[in-house]
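Following: one structure in structure tokens, then a few remarks.
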Amino acid sequence: QVQVMESGGGLVQAGGSLRLSCAASGRTFRYYTMGWFRQTPGKEREFVAFITGSGGSPYYADSVKGRFTINRGNAKDTVYLQMNSLKAEATAVYYCSMTPLIRIARTARDYDYWGQGTQVTVSS
């Protein structure tokens with residue numbers, strides 16, 4: 001059984017930083033591309049970043065490029081999202097996801113497994 005679990009969300013002031021973690025189990029982690037998405041009420045789930053199984057070729061949404069960093073520790077079956085210079089519009093529930101695809105995977109339908117999400121609130 002696949003399990004994906006996010007942690008690290010919370011309340012932070014604008015301009016601050018937060019690091020999200022996502023632990024996965026039930027599949028051979030290094031074979032899976034890991035993605036981060038976020039969602040606010042009434043809106044579709046929005047792509048944030050992904051990283052391939054080898055840890056190379058991270059890919060970011062334009063809105064977070066230069067401020068967010070995705071990396072992974074395959075020895076720990078964990079992926080991270082370091083978020084710096086946070087803005088109020090980053091407030092959302094952040095979801096971690098897994099896909100066996102090795103091409104660019106920027107839409108929610110590309111991903112097979114999802115966590116329950118972690119709330120990030122940025123106060124202005």
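Residues take their numbers from the sequence shown, with the count starting at 1. Hydrogens, waters and symmetry mates play no part in the numbers below; they use all other heavy atoms, side chains included. This structure is a prediction, so every number in the text was calculated from the model and none was measured.
- Rounded to the nearest 0.5 angstrom, Gln13 CD and Ser123 OG are separated by 5.0 Å.
- Residues Leu20 and Val120 approach most closely at CD2-CG2, 4.0 Å, considering heavy atoms.
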Should Met98 and Val4 be marked as a side-chain contact (heavy atoms from CB on, under 4.5 Å) after you check the CA-CA gap, both sets of side-chain angles, and the distance that decides it? CA-CA 8 Å; Met98 299 176 63; Val4 180; 3.6 Å; yes
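- In this structure, Arg27 has no salt bridge (charged side-chain N to carboxylate O under 4.0 Å, His left out) partners at least two apart in sequence or on a different chain.
- Between Thr52 and Ile102, the closest side-chain pair of non-hydrogen atoms is not below 4.5 Å.
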Got a list of side-chain donor-acceptor pairs under 3.5 Å for residues 76-85, not counting sequence neighbours?
{"unit_1": "Thr78", "atom_1": "OG1", "unit_2": "Lys76", "atom_2": "O", "d": "2.8"}
{"unit_1": "Gln82", "atom_1": "NE2", "unit_2": "Asn84", "atom_2": "OD1", "d": "2.9"}
{"unit_1": "Asn84", "atom_1": "OD1", "unit_2": "Ser17", "atom_2": "OG", "d": "2.9"}

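- The CG atom of Leu86 lies 6.5 Å from the CG atom of Leu18; values are rounded to the nearest 0.5 Å.
- Looking only at side-chain heavy atoms (C-beta outward), Glu6 and Ser21 stay at 4.5 Å or farther from each other.
- Of all the heavy atoms in Ala105 and Tyr111, the pair that sits closest is O-OH, 2.8 Å.
- Grouping the Ile, Leu, Val, Met, Phe, Trp and Tyr side chains by contacts below 4.5 angstrom, directly or via other members, places Ile104 apart from Trp36.
- Distance check, rounded to the nearest 0.5 Å: OH of Tyr94 to SG of Cys22 gives 14.5 Å.
- Contact detail for Ala92 and Arg38: the closest heavy-atom pair is CB-CB, 3.8 Å.
- A cation-pi arrangement, defined by a distance under 6.0 Å to the six-membered ring centre and an angle within 45 degrees of its axis, is present between Arg72 and Phe29.
- The closest donor-acceptor contact from the side chain of Glu46 to the backbone of Gln39 lies at 3.5 Å or more, if one exists at all.
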Would Phe50 and Ser97 satisfy side-chain contact (heavy atoms from CB on, under 4.5 Å), going step by step from the backbone distance to the final call? CA-CA 9 Å; Phe50 79 76; Ser97 54; over 6 Å; no
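- A ring-centre distance under 6.0 Å is not found for Phe47 and Tyr60.
- Annotation: side chain of Gln116 is not in contact with side chain of Val93 (no heavy-atom distance under 4.5 Å).
- Both Tyr113 and Ile51 are part of a single hydrophobic cluster, where members link through side-chain heavy atoms under 4.5 Å apart.
- Between the Asn74 side chain and the Ser54 main chain, no donor and acceptor come within less than 3.5 Å of each other.
- With hydrogens and angles disregarded, no donor-acceptor distance shorter than 3.5 Å links the side chain of Thr28 to the backbone of Arg30.
- Not one N or O on the side chain of Gln119 forms a donor-acceptor pair closer than 3.5 Å with the backbone of Gly9.
- In this structure, the side chain of Thr99 does not engage the main chain of Thr33 through any donor-acceptor pair within 3.5 Å.
- Counting heavy atoms of neighbouring residues, nucleotides and ligands inside a 6.0 Å radius, atom CZ of Arg106 does not exceed 12 of them.
- Taking the centre of each ring, Phe37 and Tyr95 stay at or above the 6.0 Å mark.
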